S.K.: 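Below is the structure I would like to discuss, written out as structure tokens.
The analysis underlying the following values was restricted to heavy atoms, covering all of them including side chains, and did not include hydrogens, waters or symmetry mates. Quick caveat, the model's predicted, so the values are computed rather than measured. Numbering starts at 1 and runs along the sequence shown.
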Amino acid sequence: MNISACLTTLESSSGEDSDHDQEQIAMCDDEYKPVASSSTDPADCITKPVPKKAKTDVLTTGLMAALDRTQTSSRNAVYVLCETASSPGHNVDSLNISRNSIHRARCKARTIAASHLKSEFLSVNHLTVHWDGKLLEDLTTREHVDRLPILISGVGCEQLLAVPKLSSGTGESQATAVVNEIKQWGIEKQSELKGIIAVAAFGVLIYLRVWITAPLAINAPLNDFLLMRQLLEYPDVNISSVTSKKLGLHLWYISEELVALALFDSRVPAETKKLMLAAMENAAPEHPPKRPRVETSAFTNSKGLEQFCTANSMTMFRLLQLQTSFISKDPSEWDEDETYQCALRTVKGLAVVNDRAERGVALIQDYNKKLTKDEEQLQFMLHVVSEHRRLFPDCSKSGLMMAMSSTPTTP
């Protein structure tokens, strides 16, 4: 950088002195320190610039990776690195430690590392592709965008391919993104691509709708019934065979006891509910199997959920202590019946997915061997943390104030 460049930098600086501007000014100051001359020759009295002394590069690729892993900002890294270097007596001024230097080094290190991973990746046979969408806040705005982590795994192999931002969260967008990343990593084969597209199409056409409604207990019997029918009729024979066989092992919700949940499903026609109630008068074994063995013909004939009902279907009402006076009325009139509404509120409150248990597992993983080694204190702490999370679900100021105003003070 020459003197005119330094002057240009100084003149163009606005009142908002950024860190970058300050670094440029410092560079000018460091590069051009006048040296007094003892000569009497006027030509020798012109000040001469002292070349800037090269600084020691300490910003290694490994260090940049460590900063990224620990989520240390470039600004905070300056504090840490300066103190670390000065502790054993190094001259910090001789090291290339500044916010902008660290930022540039991180960008360069990331680019090189990502390129190296992709170029050195060795594909293995029988890879499995994993992807899952997540709605996250955009990098530069407060708007939320769809992110799609895409990974592959195999024997002795697991690699993150990318987490692209999608224009939409549709299954088509996800399938396109997955195929594009596989091509970019050079691991595609035509047969593999066809398989990926087939699985993506299955997810869009069949699986997503069922997965979204899975937490609703009253929808489970009809969902399972319709899903099995769709699987048996799915045009891809291989997917149809594998998925229908797997679902056949998990048809609990069309068992004799649980199929009665469908009486509270608004999607089930009134006529079908009448047939279900009539079938509940049929004799049944005293101890029915918990996992029903259902022939595939039950899903392809003209009958509906009524074919799974027996006298045992009334067991659910007894176990949940639900009043049954409303079943004597026509199903089309149930919505106006208070007894039915009370029973509906109860069955809607049933949690039939394992999310809560998974959160419990995450809780003990977070706090195991943390803060205490006493078993009793650990259990107490888990209760305290769980309750605190319930009372304060987020850390926004408005949310905290509202929660604190409604939370009783404890001694």
S.K.: For Ala177 and Ile150, work out which heavy atoms get closest and say how close.
M.R.: O-CD1, 3.8 Å
S.K.: For Trp334 and Phe326, indicate whether the former's side chain and the latter's backbone hold a donor-acceptor pair under 3.5 Å.
M.R.: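 Present.
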S.K.: So, using side-chain hydrogen bond (donor to acceptor under 3.5 Å, both in side chains) as the criterion, who are the partners of Thr72 when residues are at least two apart?
M.R.: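 Expected list: Thr70.
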S.K.: Strictly by side chain to side chain donor-acceptor pair (under 3.5 Å), give each pair with a member in residues 219-232 just once, sequence neighbours left out.
M.R.: Thr213-Asn223, Asn223-Arg267
S.K.: Any donor-acceptor pair under 3.5 Å linking the side chain of Gln307 with the backbone of Gly304?
M.R.: yes
S.K.: Closer than 3.5 angstrom, by distance alone: can the side chain of Ser313 be matched with the main-chain N or O of Glu256 as a donor-acceptor pair?
M.R.: yes
S.K.: Counting N and O atoms only, with roles assigned by atom type, does the side chain of Lys303 sit under 3.5 Å from a partner on the main chain of Phe308, one being a donor and the other an acceptor?
M.R.: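 Absent.
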S.K.: Donor-acceptor check, side chain of Ser87 to backbone of Glu83, threshold 3.5 angstrom: yes or no?
M.R.: yes
S.K.: My understanding is that only one of Val347, Leu344, Leu277, Thr272 makes a side-chain contact (heavy atoms from CB on, under 4.5 Å) with Leu263; could you say which?
M.R.: Leu277
S.K.: Got a sec, which residues hit side-chain hydrogen bond (donor to acceptor under 3.5 Å, both in side chains) with Thr243, two or more places apart in sequence or on another chain?
M.R.: none
S.K.: Please check: side-chain N/O of Ser115 versus main-chain N/O of Ile112, any donor-acceptor pairing under 3.5 Å?
M.R.: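 Flag not set: sc Ser115 to bb Ile112 has no pair under 3.5 Å.
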S.K.: Between Ser255 and Leu251 (side chain of the first, backbone of the second, donor and acceptor by atom type, cut-off under 3.5 Å), is there such a pair?
M.R.: no
S.K.: Show me the donor-acceptor pairs within less than 3.5 Å that the side chains of residues 377-385 make with the rest of the protein, sequence neighbours left out.
M.R.:
unit_1, atom_1, unit_2, atom_2, d
Gln379, NE2, Glu375, OE2, 2.8

S.K.: Just jot down the side-chain hydrogen bond (donor to acceptor under 3.5 Å, both in side chains) partners of Arg318, sequence neighbours excluded, or say none.
M.R.: Thr315
S.K.: Does anything in residues 235-245 form a salt bridge (Lys or Arg N to Asp or Glu O under 4.0 Å)? List the pairs, not counting sequence neighbours.
M.R.: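 As it turns out, there is no salt bridge (Lys or Arg N to Asp or Glu O under 4.0 Å) pair with a partner in residues 235-245 once direct neighbours are skipped.
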S.K.: Start with the C-alpha distance between Tyr340 and Phe264, add both sets of side-chain angles, then the distance that settles ring-ring contact (aromatic ring centres under 6.0 Å, His included), and finish with yes or no.
M.R.: CA-CA 9 Å; Tyr340 171 79; Phe264 299 93; 5.5 Å; yes
S.K.: Is there a donor-acceptor pair closer than 3.5 Å between any side-chain N or O of Asp138 and the backbone N or O of Thr141?
M.R.: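 The answer is no, because no donor-acceptor pair under 3.5 Å joins these two groups.
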